[in-house]
Amino acid sequence: MTWRQALAVAALLLMTTGLVCALGVFQTRAQALAAEGRALLSPEAVAVHATVGELMEHRAEFAVGTRAFRDLEEVPRARTVVVLNGNWSDVAPSIGIRFSASDVGRALVGEAVRLEVEGGVPFVEVAGAQYEVVGRLGLREDSLLAEDILIAAPALFDAAQTRTVLDGPDIGTRAVAVFGRDRIEPVAGGANRRTTVDFVTPIVLTLGFAVATMASAVAAVSAARHEGDRARIRRLVGIGSAAVLFRTVVVACGTPIIVCAAVLTGLSCVGVRLGGPALAAVASQCMVFVVVMLLVGPVRRRSWS
């Protein structure tokens, strides 16, 4: 390809990668807003009346990432949470819970919660105890979680058989198998049942990713056509087929890698970080370009072989 042709292909790839990244950010924010409306619970969450001993006894029967919530009666809108099976890294941060393995006994709070500062460390006082604040809940100051307190403190789970909310993969089926249907009750869906989240968002994401995939394929076909013309000229001047094919592979693999690296670096510089699904979508666009270009390239091989 000439420099002008390469720039045209790179510009098209840049637009498709930017579209995928924008869709990834949109998806993350939509998930976070939906989680705010559900008070950080998934639609599958259920409530069970069980003691902490029962929960720990059956923890291996729950899926990895299952967590348990209990309201703290002493403080309105304060809850304690513990991971029953797995670690905090198994809990998707997109739902708003961003604890790490070292955050036991620490808290996440909303923007409206009053904090104290001692020795430069912010903390919140709940029932006479102080908990270091390691993060904020909600996307904005006026979020639905602005007054909430979430504490990662297994010690706050008392021994009494009280209402506990369980959440995690396949939690409904697993909770019924462990405790029986009579002890399980549904959890209110909250404010998450919005048309934009439940119906419009999946359509927007599907169409957006489809357009990005087609654009990547078009860019690959264009690059294969241009590279095929250059390859024919190289064969006419005596360059071997292996060297010509090697250059085609380098162009097919190098072009999307350079473009994606540039986009991700730019996003990182402005403070935008993509989640795992968005990064996987970007990688899939790169693979579409590589596969299509390598498949289309041999079709034009007759012009230069």
Exercise. Decide whether Val126 and Leu115 are clustered together by the hydrophobic rule: side chain heavy atoms of Ile, Leu, Val, Met, Phe, Trp, Tyr closer than 4.5 Å, transitively.
Key: yes

Quiz item: How long is the gap from OG on Ser284 to CZ on Phe289, to the nearest 0.5 Å?
Solution: 14.0 Å

Quiz prompt | Val221 with Met15, same ILVMFWY side-chain cluster at under 4.5 Å | solution = no

Quiz item: Could you give the distance from CG (Leu40) to CG (Leu137), rounded to the nearest 0.5 Å?
Solution: 6.0 Å

Quiz item: Are the side chains of Val25 and Leu267 in touch, meaning some heavy atoms are under 4.5 Å apart?
Solution: no

Quiz item: So how far is it from Glu125 CD to Ile149 CD1, rounded to the nearest 0.5 Å?
Solution: 10.5 Å

Self-check item: Distance-minimising heavy-atom pair for Pro186 and Arg163
Solution: O-NH2, 4.5 Å

Quiz prompt | Qualifying residue for side chain to side chain contact (heavy atoms under 4.5 Å, CB included) with Val263, from Thr16, Leu14, Ile258 | solution = Leu14

Quiz item: Any side-chain heavy-atom pair from Gln285 and Thr213 closer than 4.5 angstrom?
Solution: yes

Quiz item: Counting heavy atoms not belonging to Met56, are there more than 12 under 6.0 Å from its CE?
Solution: yes

Exercise. Measure from the side-chain N and O atoms of Asp148 to the backbone N and O of Gly110, and report whether any donor-acceptor pair falls under 3.5 Å.
Key: no

Practice problem: Report yes if the side chains of Val134 and Leu108 come closer than 4.5 Å at any heavy-atom pair, otherwise no. | Solution: yes

Practice problem: Look at the side chain of Arg67 and the backbone N and O of Val82, then say whether any donor-acceptor pair between them is shorter than 3.5 Å. | Solution: no

Quiz item: Shared ILVMFWY cluster between Phe209 and Val211, side chains joined below 4.5 angstrom?
Solution: yes

Quiz item: Shared ILVMFWY cluster between Phe179 and Ile171, side chains joined below 4.5 angstrom?
Solution: yes

Self-check item: Contact check, side chains of Ile257 and Cys286, non-hydrogen atoms, under 4.5 Å
Solution: no

Quiz item: In terms of hydrophobic clusters joined by side-chain contacts under 4.5 Å, are Leu72 and Val133 together?
Solution: yes

Quiz item: Given Thr164, which of Arg70, His49, Glu54 fulfils the side chain to side chain donor-acceptor pair (under 3.5 Å) condition?
Solution: Arg70

Quiz prompt | Main-chain N/O of Ala63 paired to Thr66 side chain as donor or acceptor, under 3.5 Å | solution = yes

Self-check item: 4.5 Å side-chain heavy-atom contact, Val109 and Tyr131
Solution: no

Self-check item: Residue pair Thr17 / Cys260: nearest heavy atoms and the distance that separates them
Solution: OG1-SG, 3.9 Å

Quiz item: Hey, what do you get for OG1 (Thr206) to CG (Leu23), rounding to the nearest 0.5 Å?
Solution: 10.0 Å

Quiz item: Any side-chain heavy atom of Val290 within less than 4.5 Å of one from Pro256?
Solution: yes

Exercise. Kindly indicate whether the side chain of Gln130, heavy atoms from C-beta on, has any atom under 4.5 Å from the side chain of Glu116.
Key: no

Quiz item: From Leu166 CG over to Leu41 CG, what is the distance, rounded to the nearest 0.5 angstrom?
Solution: 10.5 Å

Quiz item: Of the non-hydrogen atoms in Met293 and Ala220, which two are nearest, and what is the gap between them?
Solution: N-CB, 3.7 Å

Quiz item: So which heavy atom on Arg174 is nearest to which on Phe62, and how close?
Solution: NH1-C, 3.9 Å

Self-check item: Test item: Arg183 side-chain N/O and Val48 main-chain N/O as donor-acceptor pair under 3.5 Å
Solution: no

Practice problem: List the atom of Val9, the atom of Ser222, and the distance in Å for their closest heavy-atom pair. | Solution: CG2-OG, 4.1 Å

Self-check item: Closest heavy-atom pair and its distance - Ala281, Val20
Solution: CB-CG1, 3.6 Å

Self-check item: Gap separating the NE2 atom of His58 from the CG atom of Leu84, nearest 0.5 angstrom
Solution: 11.5 Å

